[in-house]
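What follows is a single structure, written as C-alpha cells, with notes after it.
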Protein chains: 2
Amino acid sequence: MIDLLLKINPEGEEFMARRKDHTHDEIREQALNVLMTHLEEAPADATSLRQIARQIGYSPGTLINIFGSYDQLLLSANARTLDLLASDLQNISKEYACPLSRLKAFACSYLRFAEQYNYQWQLLFQHRLPEEESVPEWQLQRINDLFAIIEQALSELATTVPESDLQQASRTIWASVHGICSLSLDDKLFAGSQTYGESMLDSLISHYVSDWRAQYNEPSQAIKG
Amino acid sequence: MIDLLLKINPEGEEFMARRKDHTHDEIREQALNVLMTHLEEAPADATSLRQIARQIGYSPGTLINIFGSYDQLLLSANARTLDLLASDLQNISKEYACPLSRLKAFACSYLRFAEQYNYQWQLLFQHRLPEEESVPEWQLQRINDLFAIIEQALSELATTVPESDLQQASRTIWASVHGICSLSLDDKLFAGSQTYGESMLDSLISHYVSDWRAQYNEPSQAIKG
DNA sequence: TTTATTTTTGAACACCGTTCACAATAAATA
DNA sequence: TATTTATTGTGAACGGTGTTCAAAAATAAA
C-alpha cells in the first residue's frame, strides 16, 4: 500500500494532508487571532474563510470542521469583541463613585471603544444571524451584565424604583447611547472626530437622567411631566 | 428584416441578445421593483445581481452598464426607501399641532416603518459604502429634511434657542430614536412586538425634552446643570 | 443597401462558502 | 514489532458571486 502511494506521489513535492502539531483549540486561537488582527485595519467583508485558512496554513475545510461554518467563526470573533468591550466598560465603571459620572463614563467608553475597534464593533452589531437562529447564550449573558451596570447606577440615583422601571430606563439609555455611537461613526464627514459624539452623549444622559430621577425623587412637586 | 430575424430565430428557443423595447430608465425601474419586492420578505443578502437580472430578462452585464455596480443598485434602492420613509414621516408630522405629540408621532412612525419595511430599513442603514466613498448628495438632503422636522418641533417648545443647540438636540434625539428602533428590531425574542419599543421611545422623548426645554424656558431658576 | 454606432450578450475570470471521498497520520490491537 | 482501526486534514469539485470584455445583434446614418 505504501509502495503504491509512493509510486503515485513519487517525491518531494511537499505532500499536504500532513497532520500538524496543533490541537483544535490552538487552531481556533490562530484563526481568531488572524481575523481579529485583520479587523484592526479592514472591515470583515475584506477577508474570507479561505484567506484566513491560508494565513494559518490550513485548508478551508479544516476551519469548517472546527467552527462549523464561516458564520460561526465570525460569531466567535464577536464573542471576543464583546468580552473586550465588557471588561473595558466594567473597569471604567468601577472608577466612578458618582453614579451620574459613572453613566457618562460608561457611555464615553462605549463610544471610544467603537472608534478604536471600529471594524470589530461593526461586525458585532451588523452581523445578522442566518434565519431566526437565536442569539447565543453567552452573548445574552454579557449584555445583561452590561445592563446591570446601568441599572445599578440608576438605582443609586433614584431609590425605591420598581425593577421594571429600572429595566426600561436602562434599556432606553443603552439603546440611545448605542444609536448615538452608531450614527457618530458613520458621520465622520460632519463632525470633527469624537467631540461631537461625546457632547451628544452628555446631552442625552444629562437631560434624560435629570428628568427621570425627578419623577421618583420629588414626587410631591410634580412639576415635570 | 423581420423575415431575416424569423429565419435566424425560427421558433421558440427565445434567443438572447435581442435589444428589448425598454429604455434604460425602464430597466432601472424594473430592476428596482424586483429588488424592493424581494426586500418585502427577505434580506438583501438573499438575492443577487444575477438573480435580479434573470427576473427582468436581462443579463447581469446590462445592469452593471446601467447602475455601474451592484453596490450602486443597492444604493438606488436605499434612495427609494429613504423617500418612502421621509414622506411617511412628513405626512405624519403634519397632523400634529402640538410639538411634543409631533415628536412622539415622528418617533413612532419611524419605529413602525422599521418594522413594516424591515429588510429595506436594514439595507438602508447596514449597507456600508466601499472605501471612503462619500454619502450621496440626495441622501444628505433627505436626512436634513428629516432633521428639520425635529428642529422645528424643538424650536416651538423652547423659543430663543441658539441654532447650534437646536441642531445638537435634534441630532441627539434622532440618533437615540434610531438606536431604540434598531435594538428593538433585533430583540423580537424579548419583547412583545412594538409595545416595548414604543414605550422606550415615549420614555426617551418625554424625559429628554422635558429637561431640555426647562434649560431654556426657565433660565432664572437654574436648577438643572 | 451599405456602413457606422450603439446596446446587449455570454463566456471567462477570480473569487466565495461548503461538501466529501480519500490520503496522511496517530492510536489500538495482535 | 507489525498490522489493523480510527481520526484528522486535504484538495478537488460544486454551485454560487460581481465584474470585465470581445463580439454579436439591433439600430441609426450614409
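Naming: A, B, ... by sequence-line order, numbering from 1 per chain.
- Applying the 4.0 Å criterion to OP1 and OP2 of C:dT8, one finds that B:H24 has a side-chain N or O inside that range.
- Ion pair A:R80/A:E29 flagged as a salt bridge, since at least one NZ, NE, NH1 or NH2 atom sits closer than 4.0 Å to an Asp/Glu carboxylate oxygen.
- Per the geometry, CG belonging to B:D45 stands 14 Å off P belonging to C:dG17, to the nearest Å.
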When you look at B:H178 and B:I173, which way does the side chain to side chain contact (heavy atoms under 4.5 Å, CB included) test go after all the steps? CA-CA 8 Å; B:H178 179 77; B:I173 290 177; over 6 Å; no
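- Nearest-nucleotide positions on DNA chain C for B:I66 and A:G61 put B:I66 closer to the 5' end.
- Taking the centre of each ring, A:H207 and A:W212 stay at or above the 6.0 Å mark.
- The side chain of A:T62 contributes no N or O atom lying less than 4.0 Å from OP1 or OP2 of D:dT8.
- At whole-Å resolution of the value, CZ in B:F67 and P in C:dT7 are 16 Å apart.
- Rounding to whole angstrom units, CD1 of residue B:I56 and C1' of C:dT8 are separated by 12 Å.
- Following rounding to the nearest Å, A:L63 (CG) and C:dG17 (P) show an atom-to-atom distance of 10 Å.
- In summary, the aromatic rings of B:Y119 and B:H38 are positioned with their centroids too far apart to meet the 6.0 Å limit.
- Salt-bridge annotation for A:E137 and A:R142: absent, with no side-chain N of the basic residue lying under 4.0 Å from a carboxylate O of the acidic one.
- For the residue pair B:H24 and B:N65, no side-chain donor N or O sits within less than 3.5 Å of a side-chain acceptor on the partner.
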Could I get a table of every N or O pair under 3.5 Å where one atom is in the protein and the other is in nucleotides 15-18 of chain D?
from   : atom 1 : to    : atom 2 : distance (Å)
D:dT17 : OP1    : B:S48 : OG     : 2.6
D:dG18 : OP1    : B:L49 : N      : 2.8
D:dG18 : OP2    : B:L49 : N      : 3.3
D:dG18 : OP2    : B:R50 : N      : 3.3
D:dG18 : N7     : B:R50 : NH1    : 2.4
D:dG18 : O6     : B:R50 : NH1    : 2.9

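- Atom CG in A:N65 sits about 14 Å away from atom C1' in C:dC22, given to the nearest Å.
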